[in-house]
**Student:** 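Could you have a look at this structure, given as C-alpha cells, before my questions?
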Amino acid sequence: MKLLKDILYGVSLSAVSGDTNVMVNNVHFDSRKVEMDDVFVATRGTLADGHQYIQKAVELGAKAVVCEELPELMVNGVTYLQVKNSKSALAVLASNYFDNPSKNLKLVGITGTNGKTTVSTLLYNLFEKAGYKVGLISTIKIMVGGKEYPTNLTTPDVLTINRHLSMMNEEGVEFCFMEVSSHGIHQKRAEGLHFSGAIFTNLSHDHLDYHKSFAEYRDTKKELFDKLPKSAFALSNVDDKNGKVMLQNTKARKQTYALKTYADYRAQILERQFNGQLLKIDENELWSKLIGDFNAYNLLAIYAAADLLGLEKMETLKLISELENVDGRFQYFISKEKITAIVDYAHTPDALKNVLVTINALRTGNENVITVVGCGGDRDKSKRPVMGHIASEMSNQAIFTSDNPRTESPSTIIEEMEAGVEPQNTKKVLSIENRKQAIKTACKLALAHDIILVAGKGHETYQETNGVREDFDDFKEVKEALKGLGK
C-alpha cells in the first residue's frame with residue numbers, strides 16, 4: 001500500500017475534501033477495475049466520461065477520487081481531490097505510484113508520422129546486440145529485458161507505461177526506447193516521465209480526424225521537445241521542414257541529422273539494391289540490409305542517438321550493418337517465379353509515396369508494380385483520395401481494398417480513394433472490397449520479375465470490422481497466394 005499524499009506529490013490540486021494521510025492500494029481510471037482502498041481517477045475520454053462512474057467506483061471501495069468536477073454526493077471516509085486536468089494528474093500519480101521508474105534508466109522518446117516503430121525497434125535491437133539490458137515500448141510490442149508483452153496502442157496508458165518501466169528497473173534495464181504518438185502526447189500519456197532524449201523523424205498528413213488541423217498535429221508533437229530537461233538531447237531530422245520547429249523552445253541539447261542539408265549527423269546513399277544499400281555515415285561506408293531513403297533516415301537517426309547515448313561510433317556502425325528489417329516494414333520475399341512481394345505498414349500518403357519511390361528506383365523498367373492498398377475506417381478521411389492518387393499514379397496496377405474498415409462501409413472508403421484517381425489512371429485501378437481476394441488477384445496478375453506491394457497493415461495480424469477482429473496477416477496471405485498459384 002502507498003500513502004495517498006506521497007503519490008499526490010507534484011499534482012496541482014484545486015480543492016481537497018477528506019484526508020490525504022491515508023493508505024491506498026492501486027490507482028485506476030477504469031471504474032470496473034476498482035477494488036477496496038483504491039484510487040479512482042475520473043478522466044474524460046472520446047467515448048465516455050469517468051465522472052459518470054465516480055459513484056460506482058466508491059461503491060466498489062474507492063478510498064480516494066481524483067476528478068475535475070466534484071460530485072454533488074460526497075461519501076464520508078472518501079477523499080475527493082479536484083484537479084484542472086485529470087489526465088495530467090493521472091500521469092503524475094502513475095509515475096509516483098511506481099516510484100518514478102523512468103528516472104532510473106535512460107528513456108528515449110521517438111515521435112513523428114513515419115518511422116517511429118522502425119527507429120525504436122532497431123535501437124532496441126542495436127543496444128541489445130551491444131550487450132545492454134534494454135526496454136522497448138512500441139506499436140508492435142513491449143519488451144522488458146528480452147521478455148515480450150503484447151500492446152495495442154502506439155503509446156499505452158500511463159499506468160501500463162509506468163508498470164512496465166518499473167519492471168525494467170527490477171530487471172536492471174539501462175535504456176528504454178519508446179514510441180510517442182500525437183494521441184499519447186495530447187492525452188497526457190507521456191507526462192510524468194523523465195526523458196533522457198527525444199527523436200523527431202518526420203511530419204506528414206495523418207490523424208487530422210483527431211487533431212483537426214496540421215498545425216495542431218505539429219504542435220502536439222512539439223510538446224515532447226518543449227518539456228525535455230536540460231540534461232536531455234533533442235535530435236531532429238532537419239531535412240523535414242518541421243524539424244527546426246521541434247527544436248525552437250526546447251531546453252535540451254539540440255542535435256540534427258539530415259541526408260540533404262547541413263546537420264550534426266549526415267549520411268549519403270552510395271548504392272541501392274533490392275537486398276540492401278550502401279551508405280556513407282560520418283565518412284564511413286557501411287552496407288545495410290534495409291533499403292530506401294526513408295530507411296537511410298531511420299538508420300542515421302539510430303546512429304546519432306547511439307552516439308548521444310555514449311556508444312562507440314565504429315561499434316555502432318558495425319551493429320547497424322547487422323540489423324534486420326522490422327516486421328511489416330518493407331518486409332519482402334522473392335517467389336520461385338522471381339516475383340517480389342513486399343509488405344509495408346505505409347498507411348499515410350507520405351509513407352506510401354516513399355515506399356513506391358524506393359521500389360521504382362530499384363526497377364530496371366521492365367517490371368510491373370502492382371499495389372494493393374486501402375484506408376482505415378473511422379480515421380482521417382481527407383487522406384483517402386491522396387492515397388488513391390499516389391497508388392494509381394506510381395503503380396502499373398492499383399487494387400483498392402479494405403484495411404480495418406471498423407464501423408465504416410468498406411465500399412464507401414474505396415469510393416473516397418477512387419475520387420483521387422486522375423482520369424488517365426482509371427484503367428489502372430481495380431476495386432476489390434475483400435482484402436484476401438485483392439491480394440490473390442494481385443498475385444494472379446503478376447508475371448516473372450514483377451513487384452507486388454501490399455500496403456497499409458504491415459505487422460498487424462488482424463482485420464477489424466464492426467468491432468470484431470479476425471485473423472489476417474498480409475505477409476502470410478501474399479506468400480500463400482503466390483505458392484497456391486505455383487508462383
Side-chain angles (χ1 to χ4, degrees), residues 110-125 136-141 150-155 177 179-184 201-207 289-299 301-302 323-333 340-359 371-377 379-380 383-384 386-387 390-391 394-395 399-406 417 435 438-439 442 451-464 469 471-479:
I110 298 96
T111 197
T113 304
N114 302 309
K116 295 187 296 295
T117 301
T118 299
V119 171
S120 57
T121 303
L122 292 181
L123 276 168
Y124 171 87
N125 293 340
L136 171 69
I137 300 175
S138 81
T139 301
I140 299 176
K141 58 193 172 185
T151 180
N152 293 321
L153 296 171
T154 306
T155 309
F177 303 101
E179 286 188 55
V180 184
S181 67
S182 57
H183 288 70
T201 58
N202 51 66
L203 205 65
S204 63
H205 193 125
D206 201 15
H207 300 307
K289 298 172 189 175
L290 283 70
I291 66 172
D293 290 18
F294 57 95
N295 269 324
Y297 280 106
N298 293 337
L299 293 170
I302 290 159
L323 294 173
E324 303 280 350
N325 261 320
V326 176
D327 287 348
R329 269 65 178 176
F330 215 93
Q331 187 178 6
Y332 76 96
F333 73 94
T340 300
I342 301 164
V343 170
D344 194 271
Y345 188 53
H347 62 286
T348 67
D350 195 52
L352 181 62
K353 183 178 179 181
N354 286 340
V355 172
L356 285 168
V357 164
T358 297
I359 291 169
T371 299
V372 180
V373 65
C375 289
R379 297 294 186 268
D380 184 0
K383 70 182 181 182
R384 293 172 185 172
V386 186
M387 296 277 282
I390 292 167
M394 300 182 72
S395 311
I399 302 176
F400 296 167
T401 189
S402 297
D403 179 345
N404 294 332
R406 299 182 179 88
M417 292 180 69
R435 193 173 181 90
I439 291 172
I451 301 161
I452 300 169
L453 169 64
V454 184
K457 291 176 64 60
H459 65 282
E460 292 178 351
T461 56
Y462 61 85
Q463 178 81 306
E464 184 178 338
R469 287 189 174 187
D471 290 345
F472 198 95
D473 185 322
D474 279 354
F475 197 75
K476 285 182 181 177
E477 292 292 337
V478 71
K479 207 163 192 176

**Student:** Would you check if there is a donor-acceptor pair between the side chains of Arg329 and His459 at a distance under 3.5 Å?
**Tutor:** yes

**Student:** Mind listing the closest non-hydrogen atom pair of Thr201 and Val119 along with its distance?
**Tutor:** CG2-CG2, 4.2 Å

**Student:** Just jot down the side chain to side chain contact (heavy atoms under 4.5 Å, CB included) partners of Ser402, sequence neighbours excluded, or say none.
**Tutor:** Pro405, Pro410, Glu433, Gln463

**Student:** Please determine whether the number of non-hydrogen atoms from other residues, nucleotides or ligands lying under 6.0 Å from atom NZ of Lys289 exceeds 12.
**Tutor:** yes

**Student:** Could you tell me the separation between the OG1 atom of Thr461 and the CZ atom of Phe475, rounded to the nearest 0.5 Å?
**Tutor:** 14.0 Å

**Student:** Can you tell me how far apart CZ (Phe294) and OG1 (Thr358) are? Round to the nearest 0.5 Å.
**Tutor:** 4.5 Å

**Student:** If you look at every heavy atom in Val478 and Ala341, which pair is closest and at what distance?
**Tutor:** CG2-CB, 3.9 Å

**Student:** Looking at every non-hydrogen atom in both residues, tell me the closest pair between Ile291 and Asn295 and how far apart they are.
**Tutor:** O-ND2, 2.9 Å

**Student:** Are Leu453 and Val343 packed together at the side-chain level, in the sense that at least one heavy-atom pair is separated by less than 4.5 angstrom?
**Tutor:** no

**Student:** Using the test side chain to side chain contact (heavy atoms under 4.5 Å, CB included), find all partners of Asp403 that sit at least two apart in sequence or belong to another chain.
**Tutor:** Arg435, Lys457

**Student:** Considering all heavy atoms of both residues, which atom of Phe333 and which atom of Lys479 are nearest to each other, and what is their separation?
**Tutor:** CZ-CA, 3.5 Å

**Student:** Please name all residues satisfying side chain to side chain contact (heavy atoms under 4.5 Å, CB included) with Ser120, sequence neighbours left out, ordered by chain then number.
**Tutor:** Ile110, Leu136, Ser138, Phe177, Glu179

**Student:** Return the set of residues passing salt bridge (charged side-chain N to carboxylate O under 4.0 Å, His left out) with Asp293 (not counting sequence neighbours), or none when no residue passes.
**Tutor:** Arg272

**Student:** Keeping the roles fixed (side chain from Asn325, backbone from Phe330), state whether a donor-acceptor pair exists under 3.5 Å.
**Tutor:** yes

**Student:** Can you name the closest pair of heavy atoms from Arg384 and Arg379 and give their distance?
**Tutor:** NH2-O, 3.7 Å

**Student:** Report yes if the side chains of Ser181 and Thr111 come closer than 4.5 Å at any heavy-atom pair, otherwise no.
**Tutor:** no

**Student:** Could you measure the distance from the CD1 atom of Ile359 to the CD1 atom of Ile451? Nearest 0.5 Å is fine.
**Tutor:** 6.0 Å

**Student:** How far does CD1 of Ile302 sit from CG of Leu123, to the nearest 0.5 angstrom?
**Tutor:** 5.0 Å

**Student:** Let me confirm one number: the OG1-CG distance from Thr113 to Asn202, rounded to the nearest 0.5 Å.
**Tutor:** 5.5 Å

**Student:** Quick one: which of Asp350, Thr348, Leu356, Asn354 gives a side-chain contact (heavy atoms from CB on, under 4.5 Å) with Leu352?
**Tutor:** Leu356

**Student:** Under 3.5 Å, is there a donor-acceptor pair linking the side chains of Asn125 and Glu324?
**Tutor:** no

**Student:** If only atom types and distance count, is the side chain of Asp344 paired as donor or acceptor with the main-chain N or O of Ala346 below 3.5 Å?
**Tutor:** yes

**Student:** I'd like to know if the side chain of Lys383 reaches the main chain of Cys375, judged simply by a donor and an acceptor atom lying under 3.5 Å from each other, with no hydrogens or angles considered.
**Tutor:** no

**Student:** Restricting to side chain to side chain contact (heavy atoms under 4.5 Å, CB included), what partner residues turn up for Glu477, sequence neighbours left out?
**Tutor:** Lys436, Ile439, Phe472

**Student:** Return the set of residues passing salt bridge (charged side-chain N to carboxylate O under 4.0 Å, His left out) with Lys141 (not counting sequence neighbours), or none when no residue passes.
**Tutor:** none

**Student:** Is the His347 ring parallel, tilted or perpendicular to the Tyr345 ring (thresholds 30°, 60°)?
**Tutor:** tilted

**Student:** Would you sort out whether Thr371 and Ile399 count as a side-chain contact (heavy atoms from CB on, under 4.5 Å), showing the intermediate values?
**Tutor:** CA-CA 6 Å; Thr371 299; Ile399 302 176; over 6 Å; no

**Student:** Locate the shortest heavy-atom distance separating Leu290 from Leu323; write the atom from each residue and the value.
**Tutor:** CD1-O, 3.5 Å

**Student:** Assess the residue pair Ile452 and Ile342 against the criterion (side-chain contact (heavy atoms from CB on, under 4.5 Å)); give the C-alpha distance rounded to whole Å, side-chain angles, the decisive distance to 0.1 Å, and a yes or no.
**Tutor:** CA-CA 6 Å; Ile452 300 169; Ile342 301 164; over 6 Å; no

